[in-house]
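Scroll down for the structure; my scribbles are underneath it.
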Amino acid sequence: MTKPAELAIPFAAHEADQAAEVLRAWIVDNGLHVSLQRGFDDPAVWGVLLTDVARHVSRIFDTEGVCSQDAALAAIKSALDAEWDGATDVGTTSAIQ
């Protein structure tokens with residue numbers, strides 16, 4: 001069995017006075033698995049966080065020459081809207097503290 005391919009902890013987290021991981025997402029055998037903690041008192045903050053993640057993802061697509069940032073964001077939003085209306089995979093969630 002091979003070791004799972006983990007991403008590095010962001011450099012800024014090592015240097016910060018306060019840092020906490022709030023979301024870890026894995027694709028396991030073609031399915032999404034996440035570990036998370038609530039992290040915020042206001043659930044709307046998760047909307048901002050997820051939107052910021054989408055923008056970071058769109059920049060990767062642009063940087064790697066796959067498509068423009070705008071095209072990537074449009075595709076992400078379209079899929080998000082479709083998935084919102086009818087989830088295709090509820091996956092698993094593990095709350096961690």
Side-chain angles (χ1 to χ4, degrees):
M1 181 175 201
T2 61
K3 182 179 176 190
E6 295 182 69
L7 297 173
I9 297 171
F11 178 76
H14 292 283
E15 301 296 318
D17 291 332
Q18 291 184 320
E21 185 172 35
V22 293
L23 174 66
R24 183 173 281 217
W26 287 81
I27 302 301
V28 178
D29 296 330
N30 296 316
L32 175 64
H33 296 259
V34 300
S35 295
L36 59 88
Q37 58 181 341
R38 182 174 47 86
F40 313 104
D41 291 333
D42 182 355
V45 176
W46 276 97
V48 174
L49 181 146
L50 295 170
T51 301
D52 287 350
V53 168
R55 292 185 192 287
H56 285 284
V57 170
S58 71
R59 283 189 216 113
I60 291 172
F61 277 87
D62 188 46
T63 299
E64 293 182 356
V66 176
C67 62
S68 72
Q69 185 174 340
D70 288 342
L73 270 176
I76 292 167
K77 185 168 185 327
S78 177
L80 180 63
D81 290 343
E83 191 70 14
W84 193 274
D85 293 337
T88 58
D89 180 12
V90 294
T92 62
T93 303
S94 301
I96 60 172
Q97 300 296 326

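- Residues F40 and V34 fall within the same hydrophobic cluster, defined by Ile, Leu, Val, Met, Phe, Trp and Tyr side chains chained together at heavy-atom separations under 4.5 Å.
- By the criterion of side-chain heavy atoms lying less than 4.5 angstrom apart, applied directly or through intervening Ile, Leu, Val, Met, Phe, Trp or Tyr residues, L80 is not grouped with L36; the two fall into different hydrophobic clusters.
- With sequence neighbours excluded, no residue satisfies side-chain contact (heavy atoms from CB on, under 4.5 Å) with D85.
- Judged as a side-chain contact (heavy atoms from CB on, under 4.5 Å), and not counting sequence neighbours, the contacts of E64 are I60, V66.
- Cluster membership for L49 and V57, using ILVMFWY side-chain heavy atoms within less than 4.5 angstrom, is shared.
- Residues that satisfy the salt bridge (charged side-chain N to carboxylate O under 4.0 Å, His left out) test with R55, not counting sequence neighbours, are absent from this structure.
- Heavy-atom minimum distance, A25 versus L32: CB-CD1, 4.0 Å.
- For A13, the side-chain contact (heavy atoms from CB on, under 4.5 Å) partners two or more places apart in sequence, or in a different chain, are I9, A19.
- Not counting sequence neighbours, W26 has no partner by the ring pair (Phe, Tyr, Trp, His ring centres under 6.0 Å) test.
- Side-chain atoms of Q37 come within 3.5 Å of backbone atoms of E21 as a donor-acceptor pair (strictly under, hydrogens ignored).
- Criterion: ILVMFWY side-chain heavy atoms under 4.5 Å apart, direct or through other members. Under it, V22 and V45 are part of a common hydrophobic cluster.
- When the side chains of ILVMFWY residues are joined at heavy-atom separations under 4.5 Å, either directly or via intervening members, I27 and L23 end up in a single hydrophobic cluster.
- Separation of atoms CG (D62) and CZ (R59) is listed at 10.0 Å; rounding is to 0.5 Å.
- Although no hydrogens or angles enter the test, the distance criterion places a donor-acceptor pair under 3.5 Å between the side chain of T51 and the main chain of G47.
- Remark: D70 CG to S58 OG distance equals 8.0 Å, nearest 0.5 Å.
- In this view, A82 satisfies the side-chain contact (heavy atoms from CB on, under 4.5 Å) rule with no residue, not counting sequence neighbours.
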